[in-house]
Amino acid sequence: MQKLHSQLPARQSFISDADLRLACLAFDKDKSNRLEGEEIRELFKSIFGFDIWNGKPVQQEYTFPQFKVVLEDMHRRFPNWNVAGKLMKWAREHPAVVALQKQPKMDRPPTKKALLIGINYSGTANELGGCINDVRSEMRVLTNVFGFPQENVLLLTEDQNDSSKLPTCANMRRGLRWLLDGAQAGDT
């Protein structure tokens, strides 16, 4: 029996990974590479024309491979729904997917860069409080939560000893040039 099983062709997926990725990217509003519950609900509403969960909660989030498993399960359990056919028809016609298909191919993975400027105007009549603390907090969020590499976050604040890190007009312009240098579609 095992010999016979090994001679069977490998099970093919009903949808290609590339097609599924395009469909997922169109609904991945926060660009997290995951489909959260409401994004999934909207995707299926667009394909089938109704909420297949009838208002019940959808699993919190799916990665693209997990979502593919869900689609394959639906395809197997509900063949009359024509999940693959409707998804492909939707993907060929949906403007967001068409726009994604027209995007130029990227030479590299997306880059995450940030320029943060905190100026308290210390020692002036217009002194502010907390601006430097705010940008330092933003830096922690970008690096710890959103995965920005620390070396890709340029912080200009007036409390630094390095003159190239002070928020002068020249340093801000240099920072903007650094931010845009080599930028491609898909970068953050």
Side-chain angles (χ1 to χ4, degrees), residues 17-46 53 57-68 70 91 94-188:
D17 288 343
D19 289 336
L20 177 65
R21 185 153 186 81
L22 277 175
C24 289
L25 286 172
F27 275 87
D28 184 17
K29 291 181 176 70
D30 60 0
K31 307 300 181 222
S32 63
N33 290 324
R34 296 179 176 277
L35 290 176
E36 282 83 16
E38 289 308 307
E39 292 172 335
I40 294 167
R41 186 184 311 278
E42 290 303 311
L43 174 64
F44 277 111
K45 272 178 151 175
S46 293
W53 284 274
V58 182
Q59 178 183 337
Q60 199 62 25
E61 61 183 35
Y62 293 103
T63 61
F64 294 153
Q66 289 169 330
F67 186 62
K68 185 174 183 179
V70 169
H94 195 277
V97 176
V98 171
L100 284 169
Q101 289 172 319
K102 290 181 181 176
Q103 284 185 349
K105 299 289 184 231
M106 293 176 44
D107 311 2
R108 57 169 173 71
T111 300
K112 294 180 175 184
K113 290 170 89 174
L115 171 63
L116 302 175
I117 303 170
I119 306 173
N120 283 346
Y121 299 100
S122 299
T124 70
N126 300 317
E127 187 168 338
L128 300 171
C131 299
I132 294 172
N133 289 338
D134 289 347
V135 294
R136 291 192 190 285
S137 294
E138 288 173 27
M139 182 173 180
R140 281 191 297 278
V141 170
L142 289 173
T143 56
N144 297 335
V145 176
F146 294 104
F148 279 61
Q150 196 155 1
E151 63 273 9
N152 282 3
V153 179
L154 179 55
L155 184 68
L156 301 180
T157 58
E158 60 192 341
D159 65 345
Q160 298 192 60
N161 294 329
D162 182 350
S163 64
S164 69
K165 306 285 182 167
L166 294 174
T168 64
C169 181
N171 286 345
M172 286 187 257
R173 288 176 189 229
R174 195 175 5 262
L176 287 170
R177 279 192 299 276
W178 165 81
L179 194 61
L180 297 172
D181 186 43
Q184 297 188 77
D187 287 350
T188 304

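Side-chain atoms are counted along with the backbone in the values below, which use heavy atoms only and exclude waters and symmetry mates. Since this is a predicted model, take the numbers as computed values, not measurements. Along the sequence shown, residues are numbered consecutively beginning with 1.
Residues satisfying the side-chain contact (heavy atoms from CB on, under 4.5 Å) criterion with Asn133, sequence neighbours excluded, are absent altogether. In terms of the side chain to side chain donor-acceptor pair (under 3.5 Å) criterion, residue partners of Gln160 (sequence neighbours excluded) are, by chain and number, Thr157. Residues satisfying the salt bridge (charged side-chain N to carboxylate O under 4.0 Å, His left out) test with Arg136, not counting sequence neighbours, are Asp159. Under the side-chain contact (heavy atoms from CB on, under 4.5 Å) criterion, Asp162 pairs with Ser164, Lys165, not counting sequence neighbours. For Val141, the side-chain contact (heavy atoms from CB on, under 4.5 Å) test picks out Val145, Phe146, with sequence neighbours left out.
Sorted by first then second residue, the side chain to side chain donor-acceptor pair (under 3.5 Å) pairs that include residues 139-152, not counting sequence neighbours, are Ser137-Arg140.
When all heavy atoms are compared, the tightest approach of Ile132 to Asn120 is N-OD1, 3.4 Å. In terms of heavy atoms, Lys112 sits closest to Pro149 at O-CD, 3.9 Å. Contact record, Leu116 with Val135: CD1-O, 3.6 Å, taken as the closest heavy-atom pair. In plain terms, the two heavy atoms of Pro167 and Met172 that are nearest each other are O-CE, 3.1 Å.
Although no hydrogens or angles enter the test, the distance criterion places a donor-acceptor pair under 3.5 Å between the side chain of Glu158 and the main chain of Tyr121.
Put simply, the side chain of Ile119 does not reach to within 4.5 Å of the side chain of Leu128, judged on heavy atoms.
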Audit row: Asp187, Lys113, side chain to side chain contact (heavy atoms under 4.5 Å, CB included) steps and yes/no: CA-CA 8 Å; Asp187 287 350; Lys113 290 170 89 174; over 6 Å; no
Per-pair distances, 0.1 Å, donor-acceptor, side chain in residues 174-183, under 3.5 Å, sequence neighbours excluded:
unit_1	atom_1	unit_2	atom_2	d
Arg174	NH2	Asn171	OD1	2.5

